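Quick caveat, the model's predicted, so the values are computed rather than measured. Values below: all heavy atoms of this structure, side chains included; hydrogens, waters and symmetry mates excluded.
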Amino acid sequence: QVQLVESGGGLVQAGESLTLSCKVSRRAFSGSAIAWFRRAPAKEREFVAGISRFGSNTYYSDSVKGRFTISRDNDNNTVHLQMNSLKPEDTAVYSCGSAGVVASDPRRYVYWGRGTQVTVSS
C-alpha cells in the first residue's frame, strides 16, 4: 500500500508564499506520478499540479500556472509544491495523490494523503 503524508500548510497573507511537501512511501515513490489537488468549502476537488514518475513532465491548472511550482526530491521520496503570490481564492485543503500517470481527474488516483489546510487572508 502506498502512503502519502502532506505537510507545510498554514495561514498566510495574500502575496506571501508557502511550500507544501508530500512524503511518499519509499517503495512506491519511483513508480508513482504525484499530483496535488485542493478542495475549498462547498466546492469539488480541483487539480492543481502534477509531476510524472521521473520528474520530466509537470502539469499545472490555469489558475496556478506561473505562481506554483511542483518538483520531486528523489533522494527523500518527497514531492514539493512551491506556492508563490498566494491569493485568498487559493484557500483550501491541499491533498496529494499517486497514480501511474498524471491526470486531472481525481478518480484516477488510488492513494491519497489526508491533506493540509492552506488559508490565505486578504
With side chain to side chain contact (heavy atoms under 4.5 Å, CB included) as the test, would you mind laying out the steps for Leu81 and Thr69 before giving the verdict? CA-CA 6 Å; Leu81 184 69; Thr69 302; over 6 Å; no
Do Leu20 and Thr116 have side chains that get closer than 4.5 Å, going by heavy atoms? yes
Ser32 OG to Leu4 CG distance, which is reported to the nearest 0.5 Å: 7.5 Å
So which pairs with a foot in residues 26-63 pass disulfide bond (SG atoms under 2.5 Å apart), sequence neighbours left out? none
Determine the minimum heavy-atom distance between Asn76 and Asp73, stating which atoms define it. ND2-OD2, 2.8 Å
Within residues 17-29 or reaching into it, pairs that qualify as side chain to side chain donor-acceptor pair (under 3.5 Å) - sequence neighbours excluded: Ser17-Asn84, Thr19-Gln82, Ser21-His80, Arg26-Asn77
Can you list the steps and then say if Gln3 with Val24 is a side chain to side chain contact (heavy atoms under 4.5 Å, CB included)? CA-CA 6 Å; Gln3 293 184 324; Val24 183; over 6 Å; no
Not counting sequence neighbours, list each pair that qualifies as a salt bridge (Lys or Arg N to Asp or Glu O under 4.0 Å) and has a residue in residues 112-122. none
Contact list for residues 92-102, test side chain to side chain donor-acceptor pair (under 3.5 Å), sequence neighbours left out: Arg38-Tyr94
Between Ser56 and Ser52, which heavy-atom pair has the shortest distance, and what is it? N-OG, 3.3 Å
Is a side-chain N or O of Tyr60 found less than 3.5 angstrom from the main chain of Ile70, in a donor-acceptor match? yes
For residues Val93 and Val12: do they belong to one hydrophobic cluster (side chain heavy atoms under 4.5 Å, members Ile, Leu, Val, Met, Phe, Trp, Tyr)? no
Sorted by chain and number, sequence neighbours left out, salt bridge (Lys or Arg N to Asp or Glu O under 4.0 Å) with Arg39 holds for none
Please report the closest heavy-atom contact between Gly100 and Ala33, naming both atoms and the distance. O-CB, 3.9 Å
Main chain of Lys87, side chain of Asp90: is a donor-acceptor contact present, judged purely on distance under 3.5 Å? yes
Which residues pass the side-chain contact (heavy atoms from CB on, under 4.5 Å) test with Lys43, sequence neighbours left out? Ala40
Taking only residues two or more places apart in sequence or in another chain, which ones pass side-chain hydrogen bond (donor to acceptor under 3.5 Å, both in side chains) with Thr119? Gln117
Apply salt bridge (Lys or Arg N to Asp or Glu O under 4.0 Å) to Asp62 and list each qualifying residue two or more places apart in sequence or on a separate chain. Lys65
Check step by step if side chain to side chain contact (heavy atoms under 4.5 Å, CB included) holds for Val79 and Ile51. CA-CA 8 Å; Val79 170; Ile51 189 164; 4.2 Å; yes
Do the side chain of Arg53 and the main chain of Ile34 share a donor and acceptor less than 3.5 angstrom apart? no
pair Phe29-Val2: side-chain heavy atoms closer than 4.5 Å: no
Going by heavy atoms in the side chains, are Leu18 and Met83 under 4.5 Å from each other? yes
Other cluster members, Tyr59 - Ile/Leu/Val/Met/Phe/Trp/Tyr, side-chain contacts below 4.5 Å: Phe37, Phe47, Val102, Tyr109, Trp112
Quick one: side-chain contact (heavy atoms from CB on, under 4.5 Å) partners of Gln1, sequence neighbours excluded? Tyr111
Between Thr91 (side chain) and Val120 (backbone), is there a donor-acceptor pair under 3.5 Å? yes
Would you please name every residue forming a side-chain hydrogen bond (donor to acceptor under 3.5 Å, both in side chains) with Ser61, sequence neighbours left out? Ser63
What's the separation between atom OG1 in Thr58 and atom CZ in Arg72, rounded to the nearest 0.5 Å? 12.0 Å
Under 3.5 Å, is there a donor-acceptor pair between the side chain of Glu6 and the main chain of Gly115? yes
What residues form a side-chain contact (heavy atoms from CB on, under 4.5 Å) with Asp105, not counting sequence neighbours? Arg107, Arg108
